[in-house]
Amino acid sequence: MNIAPPSVPPPASATEKVYDVDLKLPSITPAPPMETRRLVISRQPTGDFGFNLRWAPYTNIATGVTHHAVHAEPGSSGSKSGVIAGDRIVEINGKNVEECSRDVVIASIQQSPDPLNLVVQQLVGVSELHRLANPPVTALYVNNSPEFKVNNNGDVSPLINGHENSGEENYWLIHKGGYSSCKLIQSATTDGRCKVKLEQGGHILEVDENDLEKVNLPSLDRCEDLSSLAYLNESSLLHVLRQRYGSSLVHTVSGPSLLLINPNTSLNIYSHKVMQMVRACNYSELPPHVYSKAQYVYQEMITTCRDQCIVLSGRTGSGKSTSMRHMLNYYGHVYAGSQQLAIDEKYSSALTVLEALGNYSTQSNTNASGFVHHVTIDFDHYGFIASSSFQVSLLEKSRIVNIPKGETTFHIFQYVLYGLDNSQRQELHLLSNEGLIDTVYSPPSTVDPEDAVGNWNKLEHSLRMLSVTPEEIKAIQHVVAAIIHLRVAGVTKGSNNKTYFADPASAQNAANLLGVNAEDLAKSIFSYSPSTLSSQSNLRPSAVEETLSGGADALDEFIVGIYTQLLTLVVYLINRNLSTVTRNCTSITILDTPGFRDSTSQPATFNHLCYNYINERIQLLFYEKIFTENKERYIQENIEVELDDFTDRPEAMVNLLDKPSNQQQLLQGTGSANSRIDLSLIGRDESADLGLFWILDQMSMTPGATEEQFLDKVDLAHGRAVDQCEKLLTLHPHHPSLFSLNHYYGTAQVTYQCAGWLKTCRLYSNTEQASSLLQSSQKSSIAELFNLTSSSLVSSFTSGAGNMSTLHRSNSLRRQYVNQAGLKRKSQSMSVKYQMDSLLDKISKMAVHFVIHLVPNSQDRQRSHIGTAPLTGDMVLDVPYIRLQIRGMQLLPAVRFHRQGYPEHLTFNEFIRRYSLLCGEDASYSVPLVDQKAVVEEVLATAGVDKSQYRIGLSQVFIRPDTLAQLNRLRELRRSLYAIVIQKYIRRYLAQKAIVKLKLKHEAMRCIQKNIRINFKLEDWQWWKLYTKIKPLVNVQQTEETLKAKEAELFQLKSQLEKVENERNAYKKECARFEDEAVRFQSESVQERQVSRQAVELLEQETSSRLSLESQLNDVVVSHEDLQRKIELLEKENEELRQVHESYEESHHDVPDGSFITLSKYEHMVKENELRRRQLLTEHEEEIEEFKHTKHKLERQVQELVLEKNEQGQVIGNLKKKVQKYSNEAQDLKRQYEDSEARNFELEKRQRRFDSELQLKAGDMAGEKSMKAHLQKERDQLLTQKYSLTQQLEYNCYTAAWLMWLVLCAYSDSQSMPPHLISIIKD
């Protein structure tokens, strides 16, 4: 007996708890304003001051106030004015100009004397972009660690003990409204309850200790990287995001990915000057910004020579398309090269065109994407853009003909209806039935005519930027207008039960615009044959007749086909302008998908389910790239890392939606060489755990199937979960066509309305009639354009590649992608699955980077504040909604996993190639190395890296990001030193070469002067005159002989060239033949694969029908056997009764009259049998009552056991939360301990270096002392020698004076003295 367990509600989590007091969020502390800088700028020789002015608005998110300011930006001339990007002008020559207009500021600068005195101030939103890109590289430690910092001198100084100052008792209290700051006043008791005191209000509450999380230092409230938090928990993460967002810092590094919260306003952080500044930043010191992420991906591509992919994920309205535009503008502006000018403007124009054709407006997003599109940028060997291509898929086709309530169709219809002038609208026949057009599309009251005109002019300008001719633009206008007229034409049935246009005039207008006959147009729309469709779409004829019974469906499908061909054409025109024949090396792909759709006031549609499925696949890719691949890499390399066990996996929801049948899994397993076949799938039930898309595909092929049957089958496969908390699918008994799915790990429950889904899966799949009609148009512009897109390579997936040569790497990759995605599957659900499989298969081969976008406020909160003041202050973020998004994206586990592990990994060869120069000039490693691991260890030891910051595996070295950044800075410093040495030798070489050249010039000048002098002497010599006349004649003869030899050589070269040309042409023909054969073989393989899939599908249908018939046959056989047994029993009882009756009749006729002895006995036996029957019935009822009593008793016991189980589960859950909490705190403490160890290691290294330097200084001092003593001794000797020489000199002077006195005495008269003696005496 199956006993249903009692419905026991799950225990309330911390995020659902509500307290009696008013719990307020912590106040947002805005970032302090940047200090003003005073600049003195001299006038340049050109007359200006060397900087540019830009007038732009900026919004303070915390206050919601928008200001306008004039910004000064560096000029393009390279003058050093001291102005940097983002500077706001405050004063000019002592006059405040903050509230002045741009013209006033320009006039003040022009009239300013020389020099100009400026006072500028940076905006807070761009302050992180101007930090120092090259900090001191004297230590290797975790830069973002809160335990220590680097001062201006490069010394490591410990911070104040934040845990003691902020208090170990400071905690975050988690509740339904977010989190609140509190202090612990009483520790937890045995039951896990503790008392806290709120900081705001001072209330004392008794809470569960699991609802408390530790608080970080106030200095980390606006940290750039979430992995740098000392205590990494959900509340701290929310607090950092909230504080940064309130300070207009919308970008945050979230471990391996970039996190961006949509500001919903204009921020002055995107400009060309900011692009140049980000490009000039150090590779390892990029600030959190979209441009920084783009630059990081580019550097990874250049360094690793591997294709890169940037995946933009998030909910609808989170700003993914804006981020893609910023990234494309960055690549187009910075890496355009000299060959492609204004490539960033072309990217912007291409996005504008695609948004016009594929975006629409909803209640929560005015520019929601209606398709998946990704851009591939190919780079050449020099690192510049070589080619680009746009690809789109999964267009929301139903929106063209069925506009949801409260939303609009694609933008281009509004542009054409209300953006063109009257003459153009008259040409397109849009003025004749304007009122009817307004009823089909949005009314004019909801459209601003000025905006429509401006948007159409912008669209037209973008098309011209992409080299689209006016004739092609006019053809696009005609096709869009024809679609509008076909929508207005409508469908009706005539008396002969045939389908006609309800408005023939509109149909005639559409035919005239398309350049076809109205009868041919009607025939193309309403003359489908069921047999043709059955052979093309694998539908039974009855299902096709049911699907196309109404002409409205045929008209809608034809309109969708025309619009799909138009989108294909536009993508082709874009790629025609952006594609080149330049050979490329690597590429960067940017993927933008429609955002996740939350539950609104109306149930979600099938398109919303497809988009949510796409986001679930993106989340699965995120999990595999961040968690699974790193874990597998650690296991393969024998790296022991203590990682948390992240048990939440997104495969459950993905399997619920697209899990294939057993035969499909076996077919997929045999399709690749590396895949394995799961033998357990053989013989299993085909309908067990079948995905929702597969069930929808099967039900759409089944005649007479309904949505209720579809939901019953889905519920049978996936709706039997016992645990209510883990149930992914929920049905609504009171609404048979509604069901709910718990997306994103149960954080986003979306209710879907499945009415009409079976019809939707069968429609909008056949576009051949529309394509053939457009190609046969009588208008040459339309026919030529759509004939260009007739290739299967273009039309299968709207890739629109301009060059189909297989010699180019990017085009070959796209061809492979298109062939895999261009499956001829006519079910919309299967088309979504197959195209996502092909897309993600291509992306998984690249290095994937994620940019996660968050929506600041939920739709309910946004609708509640429509028409009121904007959300400002502490209400600027919807914390519960942000919390759900963070949990759904698994951001906290990703950041924790990133911080606990070693995410950066390099092979030994790559590591040695990059960082072997850190070992010095004496290090020389020959290739190949014998022991690469030893070399890696030597490099790391020489660089002074702490052992806790890296792990060495079997073939790779794993490093933490901060350590790798320090290694990069050391490497750049060493390379700069080597560059200085190289420059020194180059300058020496150039100087020596210049000296040699100067000597040669002097020698040549002397030679020329000598020859000129000789020429002057010989110019009148007769023989010289004769020589000058004969010499030209000799040169003519030599020239003729040389010409004859050259002509003979030229003839020989021409013959060789002709031979080479012939061989080249033959090779070209052979190559073209091989290419044609390759394309033919590839198309044949695709067709064979398609036929095999169709055979498998037919086999599945036959198997399922056979199994159902066999089960029905078994049931019939069993029921037949039961009936046979019952008939035999009845016949036996009938025979017994007949015999009894005959015996009774015989006995009655044989008994004489008046003798009723046998009859009385018989009646007595009948009475006894009746009494016996009543007695047995009473006993049976007593037994039933006893069984009921036992049943109720058992049910009560089961209920008690279930209650006890739920209580134990609640206790186990609380214990698991405690264990996880303590584990996280232990990991945080371990990280802090490792940081302290790294700091101690650095201090010890510095101490050792100081001791060695001290010993060297002591030795130098001893040498200086000995040298001083030696010099003192020499000085004494010299002084002694000087004294002796002085004494000798005095003695000689005395002797000379005595001799002169003797001479004077000998000559008493000086006149008789000889002259030479007189001169000697005078001297």
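Note that the coordinates shown come from a computational prediction; the quantities given were computed from them, not determined experimentally.
If you take CD on Glu910 and CD on Gln956, they are separated by 11.0 Å, rounding to the nearest 0.5 Å. In this structure, CD on Glu904 lies 10.0 Å from CG on Asp962, to the nearest 0.5 angstrom. The distance from atom CG of Leu351 to atom CG of Asn329, rounded to the nearest 0.5 Å, is 8.0 Å. Within the model, atoms CZ of Arg913 and OG1 of Thr907 stand 8.5 Å from one another, a figure rounded to the nearest 0.5 Å. Here Ile377 contributes atom CD1 and Met301 contributes atom CE; the two are 9.0 Å apart, rounded to the nearest 0.5 Å. With rounding to the nearest 0.5 Å, the separation of CD in Gln885 from CG in Leu854 is 5.0 Å.
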Apply side-chain contact (heavy atoms from CB on, under 4.5 Å) to Val939 and Ile912, showing your working. CA-CA 8 Å; Val939 172; Ile912 294 172; 5.6 Å; no
Take Arg325 and Glu355, measure what salt bridge (Lys or Arg N to Asp or Glu O under 4.0 Å) needs, and give me the verdict at the end. CA-CA 11 Å; Arg325 185 181 291 272; Glu355 287 178 0; 3.3 Å; yes
How far apart are the C-alpha atoms of His251 and Ile261, what are their side-chain angles, what is the distance that settles it, and do they pass the side-chain contact (heavy atoms from CB on, under 4.5 Å) test? CA-CA 7 Å; His251 303 90; Ile261 304 178; over 6 Å; no
Tell me, with the steps shown, if Ser227 and Asp225 meet side chain to side chain donor-acceptor pair (under 3.5 Å). CA-CA 5 Å; Ser227 62; Asp225 193 349; 3.0 Å; yes
Please lay out, stage by stage, how Glu224 and Arg244 fare under the test side-chain contact (heavy atoms from CB on, under 4.5 Å). CA-CA 9 Å; Glu224 299 177 4; Arg244 287 181 61 85; 4.1 Å; yes
Between Arg222 and Val240, is a side-chain contact (heavy atoms from CB on, under 4.5 Å) present by the stated rule, with each step listed? CA-CA 5 Å; Arg222 287 182 293 273; Val240 171; 6.0 Å; no
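Listed for the Asn615 side chain is a donor-acceptor partner under 3.5 Å among the backbone atoms of Pro594. Under a 3.5 Å cut-off, the side chain of Tyr291 and the backbone N or O of Met327 do not form any donor-acceptor pair. Proximity of a side-chain donor or acceptor of Thr352 to a complementary backbone N or O of Ser348 within less than 3.5 Å is detected. Judged by distance alone, the side chain of Thr963 and the main-chain N or O of Ile959 form no donor-acceptor pair under 3.5 Å. The main-chain N or O of Val851 is never found under 3.5 Å from a side-chain atom of Lys320 such that the two would form a donor-acceptor pair. Panel note: side chain Lys346, backbone Ile574; no donor-acceptor pair is recorded below 3.5 Å. Remark: side-chain polar atoms of Asp378 are not paired, donor with acceptor, to backbone N or O of Asn584 under 3.5 angstrom.
For the residue pair Gln308 / His849, a side-chain donor-acceptor distance below 3.5 Å is found, with atom types taken as modelled. Under the 3.5 Å distance criterion, with hydrogens and angles disregarded, no donor-acceptor pair is assigned to the side chains of His905 and Glu637. Of the N and O atoms on the side chains of Ser388 and Tyr347, at least one donor lies less than 3.5 Å from an acceptor on the other residue. Side-chain contact, Arg951 with Tyr902: a donor N or O sits under 3.5 Å from an acceptor N or O. Using modelled atom types and a 3.5 Å distance limit, the side chains of Arg306 and Thr586 yield no donor-acceptor pair. With hydrogens and angles left out, the side-chain atoms of Arg633 and Gln636 include no donor and acceptor closer than 3.5 Å. Side chains of Tyr330 and Gln295: a donor on one and an acceptor on the other come within 3.5 Å. Judged by distance alone, the side chains of Ser948 and Asp946 do bring a donor and an acceptor atom under 3.5 Å apart.
Results of the side chain to side chain contact (heavy atoms under 4.5 Å, CB included) test with Leu591 over Leu839, Leu312, Ile310 single out Leu839 as the only residue that passes. Checking Ser313, Ser318, Ser323 one by one against His853, the side chain to side chain donor-acceptor pair (under 3.5 Å) holds for a single residue, Ser323.
Salt-bridge formation is not detected for the pair Glu972/Arg969: no Lys NZ or Arg NE/NH1/NH2 atom is positioned less than 4.0 Å from an Asp or Glu carboxylate oxygen.
In terms of heavy atoms, Asp380 sits closest to Ala386 at N-CB, 3.9 Å. Shown here for Leu220 and Ala230, the closest heavy-atom pair between the two residues is CD1-N, 4.0 Å. Closest approach of Leu940 and Phe911 over heavy atoms only: CD2-CZ, 3.5 Å. Of all heavy-atom pairs between Leu967 and Ala943, the closest is CD2-CB, 3.8 Å. Closest of all the heavy-atom pairs between Leu229 and Cys223 is CD2-SG, 3.7 Å. Closest approach of Met846 and Lys625 over heavy atoms only: O-NZ, 3.8 Å.
When side chains are defined from C-beta on, Val392 does not count as touching Val372, because their heavy atoms never get closer than 4.5 Å. Two residues are said to be in side-chain contact when any heavy atoms from C-beta on lie closer than 4.5 Å; Leu328 and Met324 meet this criterion. In this structure the side chain of Phe379 never reaches within 4.5 angstrom of the side chain of Asp307, judged on heavy atoms. Thr252 is not listed as a side-chain neighbour of Tyr245, based on a closest heavy-atom distance of 4.5 Å or more. Counting heavy atoms from C-beta outward, Val855 and Asn262 have side chains that stay 4.5 Å or more apart. When side chains are defined from C-beta on, Val278 counts as touching Leu286, because their heavy atoms get closer than 4.5 Å. A heavy-atom distance below 4.5 Å is found between the side chains of Phe908 and Ile952. Side-chain contact check for Leu840 versus Leu620: every heavy-atom pair is 4.5 Å or farther apart.
Here His289 and Tyr270 bring their ring centres to under 6.0 angstrom of each other. Remark: aromatic rings of Phe627 and Phe897 are close, center separation under 6.0 Å. Remark: aromatic rings of Phe850 and Phe622 are close, center separation under 6.0 Å. When ring centroids are compared, Tyr634 and Phe958 come within the 6.0 Å threshold.
For Ser257, there are no side-chain hydrogen bond (donor to acceptor under 3.5 Å, both in side chains) partners, not counting sequence neighbours. Taking the side-chain hydrogen bond (donor to acceptor under 3.5 Å, both in side chains) definition, one finds that Asp592 meets it with Ser321, sequence neighbours left out. Judged as a side-chain hydrogen bond (donor to acceptor under 3.5 Å, both in side chains), and not counting sequence neighbours, His898 has no contacts.
Ring geometry for His333 against His272 counts as parallel: the plane angle stays under 30°, on a 0 to 90° scale with 60° as the upper cut.
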